[in-house]
Amino acid sequence: MTSILVTGAAGFIGSHFVRHWLRRYPDDTVVALDALTYAGSLSNLEDLGDRVIFVQGDIGDEALVRKLLAEHRTEKVVNFAAESHNSLAVLDPGRFFRANVLGTQGLLEACRAVGVERFHHISTCEVYGDLALDSDEVFTETSPYRPRTPYNASKAGADHVVRAYHETYGLPVTITNCANNYGSHQFPEKVIPLFTTRALDGRRLPVYASSGNRREWIHVLDHCAAVETVLLKGTPGEIYHVGTGVEASVDELADLVLDELGLPRSLKETVPDRPGHDRRYLLDSSRIRRELGWEPRIPFAAGIRETVRWYADHRSWWLPLIGRSPVVENDWSAAGSR
Ligand SMILES: Cc1cn([C@H]2C[C@H](O)[C@@H](COP(=O)(O)OP(=O)(O)O[C@H]3O[C@H](C)C(=O)[C@H](O)[C@H]3O)O2)c(=O)[nH]c1=O
């Protein structure tokens, strides 16, 4: 029996990964660490029984992490913990650098002190900055980091710290940079659950003024399978991109949600753009396919349909979360230069 430490385990992707891991490795124990910020919910880990040991705490709390690693003889660590919402980062950047950069460094330090077989870090396509809407370019694993927003920059900083721990201390790390995730249990601040829950509530869908801006979409379960693949087969010190090549603009997403719910497209409302709103990201994910044999399996159309239906069927999950996000209605007035 082995144990794996999953950080950010009560969040959207982290909790899906915990379930995924337990399905695949029924004899393993998962140590689930989460700070339970506004975006984490213990209900995401319900019904998992005693194979999950939940601990509320911060990844930057070195003493706590050292104790957990030693006590549970943990071999693998997967770091999903992060402040992840671009809109909040615009309004409160310091929170992102503390959690994402310093938090990750504390976690790495604990892993270095105790020694782990593998440290896997979850990163994002956003570290490379953005692409023009009509560009033929894609981001490869060797593209330069050009973050444009406080969230991007905090994730870029975290990636650099992870690499530094590999180069300097020989910690066996891997990193995945992933496209935009969607699926059940995503906090209703991100665009797909936000649009869906607004529509279900009979409210307007706030489409940022740059509504043609596009994102590459991946179902969260495909992402979890990719993380498992890299954790088990990836080469220490290496980076792997995780994407599908499937793009949709914000405007198209709003239409998909409204069409699925049988609601009029007139429910879309143009709101002020988020400062630093990246236009587009697109990853070259050929390396993980070629070298490790991972492929995404869930088609976008079916995944979106199932996701919208999940929110329609699980009001009791998302209703208590409405109003918990510190971001208030696309009011960027606090974000001007002072
Ligand atoms: C919340 C919101 C968003 N949008 C637009 C802005 C973007 O063009 C798109 C997606 O925005 P969202 O905030 O959901 O996600 P991104 O800023 O693309 O970032 C997300 O995907 C990456 C990979 C991560 O790494 C982030 O953690 C994750 O939050 O919808 C609107 O038009 N209206 C809204 O109210």
Side-chain angles (χ1 to χ4, degrees), residues 8 11-14 37 39 79-91 95-96 99-100 121-131 133 139 145 147-159 175-183 186-199 203-220 223 226 241-244 246-258 267-283 285 304 307 322 325-332:
F12 163 51
I13 310 176
T37 66
N79 183 27
F80 289 96
E83 287 288 349
S84 69
H85 192 39
N86 262 301
S87 302
L88 179 56
V90 170
L91 301 170
R95 173 180 182 139
F96 283 68
N100 298 352
H121 180 67
I122 306 300
S123 187
T124 166
C125 52
E126 300 199 15
V127 297
Y128 302 112
D130 73 346
L131 297 168
L133 291 177
F139 298 129
Y145 276 32
R148 299 179 62 249
T149 70
Y151 167 70
N152 300 176
S154 70
K155 290 297 287 182
D159 288 10
I175 299 176
T176 40
N177 295 79
C178 191
N180 280 57
N181 282 231
Y182 70 94
Q186 189 171 28
F187 192 84
E189 63 184 353
K190 306 286 166 37
V191 74
I192 291 176
L194 182 105
F195 282 177
T196 307
T197 54
R198 291 281 174 106
R203 298 175 64 195
R204 294 192 173 276
L205 277 53
V207 178
Y208 292 162
S210 304
S211 63
N213 284 6
R214 295 209 294 278
R215 296 291 184 264
E216 179 184 8
W217 292 99
I218 182 168
H219 194 281
V220 64
H223 184 187
H241 283 178
V242 180
T244 59
V246 176
E247 291 184 273
S249 73
V250 183
D251 198 48
E252 287 163 349
L253 289 174
D255 289 346
L256 284 172
V257 168
L258 291 168
L267 280 177
K268 289 185 288 184
E269 154 183 75
T270 304
V271 299
D273 224 346
R274 175 161 72 196
H277 185 188
D278 285 333
R279 293 162 296 178
R280 182 180 173 218
Y281 322 111
L282 186 60
L283 293 169
S285 304
I304 282 285
T307 300
I322 301 297
S325 164
V327 178
V328 180
E329 295 295 333
N330 304 301
D331 175 4
W332 310 116

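We count residues from 1, following the sequence as given. When a ligand or atom number is given, it counts from 1 through the structure's own listing order. Hydrogens, waters and symmetry mates are skipped; everything else that's a heavy atom, side chains included, is used.
Closest heavy-atom approach to atom 13 (O) of ligand 1 within the set Lys190, Arg215, Arg274: this belongs to Arg274. Among Asn177, Val271, Asn180, Asp251, the residue whose heavy atom lies closest to atom 15 (O) of ligand 1 is Asn180.
A salt bridge between Arg215 and Asp278 is absent, with no side-chain N of the basic residue lying under 4.0 Å from a carboxylate O of the acidic one.
At least one heavy atom of His277 sits less than 4.0 Å from an atom of ligand 1. Judged by the shortest distance from any of its heavy atoms, Lys155 lies outside the 4.0 Å radius around the atoms of ligand 1. At least one heavy atom of Pro206 sits less than 4.0 Å from an atom of ligand 1.
Per-residue contacts place Val207 under 4.0 angstrom from the following atoms of ligand 1 (heavy atoms of the residue considered): 32 (O). Within ligand 1, the atoms closer than 4.0 Å to a non-hydrogen atom of Cys125 are 23 (C), numbered from 1 in the order shown. For ligand 1, the atoms lying closer than 4.0 Å to a non-hydrogen atom of His85 are 13 (O). If you number the atoms of ligand 1 from 1 as listed, the ones under 4.0 Å from a heavy atom of Leu194 come out as 35 (O). Contact atoms of ligand 1 toward Glu189: 1 (C) (distance under 4.0 Å to a heavy atom of the residue). Close approach of ligand 1 to Ser84 is summarised as follows: ligand atoms under 4.0 Å from at least one heavy atom of the residue are 26 (C), 27 (O), 28 (C), 29 (O). Within the listing of ligand 1, atoms 16 (P), 17 (O), 19 (O) sit less than 4.0 angstrom from a heavy atom of Asn86.
At a heavy-atom cutoff of 4.0 Å, ligand 1 is contacted by the side chain of Val250 but not by its backbone. At a 4.0 Å heavy-atom cut-off, ligand 1 touches Glu126 through the side chain alone.
Under a 3.5 Å cut-off, the side chain of Lys155 and the backbone N or O of Ser84 do not form any donor-acceptor pair.
Across Arg274 and Val90, no two heavy atoms sit closer than the pair CG-CG2, 4.1 Å. Scanning all heavy atoms of the two residues, the minimum distance from Ala254 to Val207 falls at CB-CG2, 4.2 Å. His223 and Asn181 get closest at one heavy-atom pair: ND1-OD1, 2.8 Å. Heavy atoms only, all atoms of each residue included: Ile322 and Pro188 are closest at CD1-CG, 4.0 Å. Here the closest non-hydrogen pair linking Cys178 and Ile218 is SG-CG2, 3.8 Å.
Using modelled atom types and a 3.5 Å distance limit, the side chains of Tyr182 and Thr196 yield no donor-acceptor pair. Between Tyr208 and Asn213, the side chains place no donor N or O within less than 3.5 Å of an acceptor N or O (distance only, hydrogens not considered).
From the protein, the heavy atom lying nearest to atom 32 (O) of ligand 1 is Tyr208 N, 2.9 Å. Of all protein heavy atoms, the one closest to atom 14 (O) of ligand 1 is Val191 N, 2.8 Å.
If you run side chain to side chain donor-acceptor pair (under 3.5 Å) between Glu126 and each of Asn86, Asn177, Thr149, only Asn86 comes through.
Ligand 1 has a nitrogen or oxygen under 3.5 angstrom from a nitrogen or oxygen of Thr124.
Looking only at side-chain heavy atoms (C-beta outward), Pro147 and Tyr128 stay at 4.5 Å or farther from each other.
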